[in-house]
Amino acid sequence: MTSLPDAPQTTPSSVPIILDGWQGDGGDGSARAGSAAGGDGGSGGRWRGPSERLFEGLNPQQREAAEYRGQALLIVAGAGSGKTSVLTRRIAGLIESREAWPSEILAITFTNKAANEMRERVEQLLGGKAQGMWISTFHSACVRILRREAETIGKTASFTIYDSGDTRALLKRIIKELDADTLGFTVGGAANRISKLKNELTDLETFARSANLSDPQEVMFLEIFRQYTRELRRANAFDFDDLIAETVFLFRAFPRVAALYQSRFRHILVDEYQDTNHAQYSLIRELTMPVAPDIVDDLESHGRNVRPLRDAAGVIPSASLTVVGDSDQSIYAFRGADIRNIVEFERDFPGAKVVLLEQNYRSTQNILSAANAVIANNFDRKDKKLWTAVGDGEKIIGYTGYSGHDEAQFVADEIEKLHGAGMAYKDIAVFYRTNAQTRALEEIFIRSALPYKVMGGTKFYERAEIKDSMAYLITVANPDDMLALRRILNTPKRGIGPATETQLASYAEDNGLTFRAAMRDAASLGLGPKVTNAILQLSGLLDEAAAKIDPSNPAGVSPVADVLTFLLDGSGYIETLRNSRDPQDEARAENVDELVAVTREFARNNPDGTLVDFLTEVSLVAAADEIDDSSGAVSLMTLHTAKGLEYDAVFLTGIEEDLLPHRMSANEPGGPAEERRLFYVGITRAKKRLFLSLAMTRAQFGETAVAMPSRYLQEIPADLIEWRQSPGSANGRGGTQSRALNARRPGLGAGSGGSGGSGWNDSLAAAPFRQERPKAEWPNRVTGKVRDNGDLELAPGDRIRHADFGDGRVTQVTGQGAKRVAHVQFEKVGAKKLLIKIAPIDKL
DNA sequence: TACATCAGCATTTTT
DNA sequence: TGCTGATGTA
């Protein structure tokens with residue numbers, strides 16, 4: 001979020017605050033400026049608040065939210081209403097006025113990037129470092145707690161975090177071993193169900209007690225769940241959902257451990273509260289519990305100075321809780337997010353104060369009106385209308401492409417226009433519902449020489465070569481992790497096949513050894529000399545690497561990058577890739593080099609970072625964390641990833657039935673409403689320009705299917721959109737009837753009057769470009785065609801023919817080598833940029 | 001044990 | 001369309 005524009009000030013500037021008795025105070029918190037959980041509000045004036053300067057530029061509601069002091073505060077923050085400003089000023093205010101030490105602050109954000117930004121802004125407001133604040137995601141905070149307390153629950157501090165890929169790999173093996181697929185179990189299904197249970201804090205024992213054991217399906221699932229849980233424990237590993245759930249279980253089972261954190265965090269702030277699930281909600285509840293006197297005594301006897309926190313009864317009262325959210329932006333129900341957490345906040349925390357932020361500082365009124373109109377169709381919500389003082393702005397632009405590629409070409413052309421008019425690429429974003437939609441966009445963007453970056457998607461860390469390299473590191477950090485060990489056992493090929501693996505496993509079993517220990521004993525297994533040698537060599541390599549990170553090693557601890565290169569060289573992995581004749585392995589080797597660069601970067605940013613720290617960071621990167629503000633590239637991402645972000649210009653693509661709302665959501669209760677919120681989130685990301693696009697046909701599974709305009713499009717008042725190419729035009733079937741009439745699917749259309757969506761029809765009548773042209777005459781039936789032109793030379797003045805755009809004249813050639821770009825003026829479709837090497841062009 | 005070939009299947013969104 | 005896994009062969 002950017003800085004706020006000027007807003008009316010409620011209070012005149014006041015004199016600087018003098019903190020009597022505070023200046024020379026030590027760090028024990030014995031002279032607090034006010035009780036954090038005092039309860040009687042900020043208006044009383046018992047304590048002197050933070051200095052006026054912190055609240056400059058806030059509107060009255062924002063200011064109230066930043067200044068309020070009390071047990072519980074709910075900030076209902078509409079999109080773009082400046083909630084980050086409020087949160088940062090609230091934190092800075094608490095610290096500046098000495099109501100809290102930085103170390104007493106716990107702020108939960110949705111991404112690591114948001115966390116870093118918040119920290120920077122707080123420090124900026126305070127004019128210096130504020131060390132000790134915990135500002136992080138739920139998952140990062142929990143990992144931090146779990147690593148500290150690992151021994152309490154039978155793990156070691158170097159436990160591995162399994163991502164969804166690891167979870168799937170493990171489940172796949174279990175399902176196969178149990179022959180569970182014959183009962184209809186799939187990896188995805190089982191993973192989903194286990195995840196749901198964990199998000200509801202149902203552990204194995206609880207589930208087993210309630211399971212219906214006369215149902216063979218249920219029995220089988222219980223067995224899968226049991227084995228999965230056992231394997232995780234044996235591997236000293238947690239999956240994503242465990243990170244939250246196990247922390248809650250830890251707090252519940254060990255009140256003394258909980259008390260450490262309850263007494264430490266006096267001010268807890270949670271962003272995006274509407275997307276918390278039950279486990280996360282419970283975690284917050286645990287952290288905001290008061291600490292009973294006997295446990296406080298116990299803390300004190302262990303040297304924790306918490307006396308200043310105690311009240312008259314000897315209790316440490318609840319920490320204060322601030323949550324920020326907007327139920328209209330709840331888009332993670334599929335992951336267990338429970339909208340009730342925010343709706344029922346006032347019931348959960350009696351006496352809670354609620355502040356509503358409705359003024360929007362981000363978008364133009366046209367964009368907001370569209371957003372308001374769309375979300376108003378969700379019943380069962382508190383009415384909330386975003387408004388702005390910045391004026392109407394430009395109209396929303398609509399476009400219907402012939403195909404996904406055509407749509408992508410429209411996006412690329414418009415981006416070039418915006419860029420030509422002075423907008424930076426990094427201020428432009430393209431959103432879509434499913435990751436699969438990136439393909440067409442990428443093909444066109446590459447061909448158009450448009451700089452872009454895909455967020456999330458096929459993630460770097462999901463590539464096989466990266467997972468292999470990471471598995472080496474994981475095996476060194478956590479020798480119990482069988483999944484990682486198995487992965488590298490025969491990668492690169494060293495002749496240790498499945499048969500050998502089984503023998504090692506049973507040897508380990510028979511002798512009560514770990515698999516790693518069995519490997520060291522390979523000589524006594526009676527295997528062939530070649531295999532034995534291979535095992536011993538790998539085992540030795542891993543032992544040597546482990547010594548490099550052993551803190552007790554007199555030679556000191558090696559940086560992660562050194563350990564990684566040692567493993568990659570010693571195992572021959574990188575050499576195998578380099579010598580391979582598969583052309584793709586060259587790119588893979590480059591990716592591995594990239595990983596080494598990442599570890600170097602990590603060491604620069606975290607001079608004291610250990611291998612485990614590195615692995616943690618990598619496990620918890622979110623798609624939105626990859627955004628590099630300084631990069632000169634257009635950002636491509638899913639609508640989910642877009643939450644919390646903003647761009648000058650936003651392209652919402654694929655606004656079609658079965659895509660948005662997605663086909664899969666149709667059967668789920670609340671599905672269409674959630675999809676509408678997703679659309680709403682997308683619209684409200686735009687600051688100045690908004691483009692909505694769709695295609696008449698879309699390729700999927702190599703087949704081309706007919707696509708219909710999304711029902712949500714008709715919810716936007718027609719006068720807000722200017723259709724460049726409306727859904728009603730260019731009807732391939734030759735009729736004059738609006739295609740959009742077909743948008744209403746059977747069962748939906750009937751309900752709203754027999755004439756079939758007249759409002760939609762009206763809106764189309766207003767659409768300016770209502771051509772009735774047969775398909776064949778489409779100016780740019782763009783395809784994804786590419787070709788290898790080798791060293792085709794082009795110079796200004798050359799005439800060319802393009803497979804999609806027709807004839808044109810080269811006006812300029814820029815760039816070098818494989819990245820040479822031709823600027824071409826086409827006769828029919830205007831100016832375009834083309835990457836010469838791959839564009840489907842011929843020189844005439 | 002390693003590699004090639006082919007059939008079948010998959011795509012909702014994510015920490 | 002593009003990947004994974006099963007199958008067959010050297």
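Order of the sequence lines sets the chain letters (A, B, ...), proteins ahead of strands, with each chain counted from 1. Worth knowing before you read on, the calculation uses all heavy atoms, side chains too, and leaves out hydrogens, waters and symmetry mates.
- Between B:dA2, B:dT14, B:dT12, one nucleotide has an atom nearer to the side chain of A:Phe334 than all others, and that is B:dT14.
- Here the nucleotide nearest the side chain of A:His139, chosen from B:dT15, B:dT13, B:dT1, is B:dT15.
- What separates CZ of A:Phe679 from C1' of B:dT12 is a distance of 17 Å, to the nearest Å.
- With DNA chain B read from its 5' end, the first of the two nearest nucleotides for A:Arg439 and A:Gly497 is the one closest to A:Gly497.
- When distances are taken from the side chain of A:Thr434 to each of B:dT12, B:dT14, B:dT1, the shortest belongs to B:dT12.
- Rounding to whole angstrom units, CG of residue A:Leu678 and P of B:dT13 are separated by 11 Å.
- For A:Asn490, no side-chain nitrogen or oxygen approaches OP1 or OP2 of B:dT1 to under 4.0 Å.
- Spacing between atom CD of A:Glu272 and atom C1' of B:dT14 amounts to 14 Å, rounded to whole angstrom units.
- Taking the side chain of A:Ala436 as heavy atoms from C-beta on, and the options B:dT11, B:dT1, B:dT12, the nearest nucleotide is B:dT11.
- Ring geometry for A:Tyr261 against A:Phe251 counts as tilted: the plane angle lies between 30° and 60°, on a 0 to 90° scale.
- Residues passing the side chain to side chain contact (heavy atoms under 4.5 Å, CB included) test with A:Ser327, sequence neighbours excluded: A:Ile339, A:Ile342.
- Looking at heavy-atom distances under 4.0 Å, A:Thr500 makes contact with sugar-phosphate atoms alone, never a base.
- With distances taken from any side-chain atom of A:Arg335 to the nucleotides B:dT12, B:dT14, C:dG2, the minimum falls on B:dT14.
- What you find for A:Ala157 and A:Arg147 is that their closest heavy atoms are O-NH1, 2.7 Å.
- At B:dT12, none of the side-chain N or O atoms of A:Asn435 fall inside 4.0 Å of OP1 or OP2 (strictly under the cut-off).
- Toward the 5' end of DNA chain B, the nearer of the two residues A:Arg168 and A:Phe110, judged by each one's closest nucleotide, is A:Arg168.
- A:Ile331 has its CD1 atom 10 Å from the C1' atom of B:dT14, to the nearest Å.
- Applying the side chain to side chain contact (heavy atoms under 4.5 Å, CB included) criterion to A:Ile446, with sequence neighbours excluded, gives A:Tyr452, A:Leu835, A:Ile838.
- Residues forming a ring-ring contact (aromatic ring centres under 6.0 Å, His included) with A:Phe159 (at least two apart in sequence, or on another chain): A:Phe238.
- Applying the 4.0 Å criterion to OP1 and OP2 of B:dT15, one finds that A:Lys643 has every side-chain N and O outside that range.
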Footprint string (nucleotides 4-9 of chain B, 5' to 3'): B base within contact, S backbone only, - free, heavy atoms under 4.0 Å | S-----

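- When distances run from any side-chain atom of A:Lys493 to the nucleotides B:dT12, B:dC3, B:dT1, the shortest one goes to B:dC3.
- Distances shown here put a side-chain N or O of A:Thr641 below 4.0 Å from the OP1 or OP2 atom of B:dT14.
- Contacts of A:Ala499 with the nucleic acid, taken as non-hydrogen atoms under 4.0 Å apart, involve only primed sugar atoms and P, OP1 or OP2.
- The side chain of A:Ser164 has B:dT15 as its nearest neighbour among B:dA2, B:dT15, B:dT1.
- A:Asp275 has its CG atom 11 Å from the C1' atom of B:dT13, to the nearest Å.
- By the stacking rule of 5.5 Å between ring centres and under 30° between planes, A:Tyr332 does not stack on the base of B:dT13.
- Of the candidate nucleotides C:dA6, B:dT12, B:dT1, B:dT12 has the atom lying nearest to any side-chain atom of A:Arg433.
- Within the structure, the salt bridge (Lys or Arg N to Asp or Glu O under 4.0 Å) test picks out the following pairs touching residues 690-700 of chain A (sequence neighbours left out): A:Glu407-A:Arg698, A:Glu656-A:Arg698.
- Atoms CG (A:Asn192) and P (B:dT11) sit 12 Å apart, rounded to a whole Å.
- In this structure, CG of A:Asp166 is placed 15 Å from C1' of B:dT14, rounded to the nearest angstrom.
- Taking the centre and axis of the six-membered ring of A:Tyr680, the NZ or CZ atom of A:Arg677 falls outside the cone set by 45° and 6.0 Å.
- Within 4.0 Å of A:Lys530, counting heavy atoms only, lies no atom of the nucleic acid at all.
- Rounding to whole angstrom units, CZ of residue A:Arg463 and P of C:dC3 are separated by 11 Å.
- For A:Asp166, the side chain to side chain contact (heavy atoms under 4.5 Å, CB included) partners two or more places apart in sequence, or in a different chain, are A:Tyr162, A:Asp163, A:Lys467, A:Leu483.
- Comparing B:dT1, B:dT12, B:dT14 against the side chain of A:Glu675 picks out B:dT12 as the nearest.
- No more than 12 heavy-atom neighbours from other residues, nucleotides or ligands sit within 6.0 angstrom of CD on A:Gln537.
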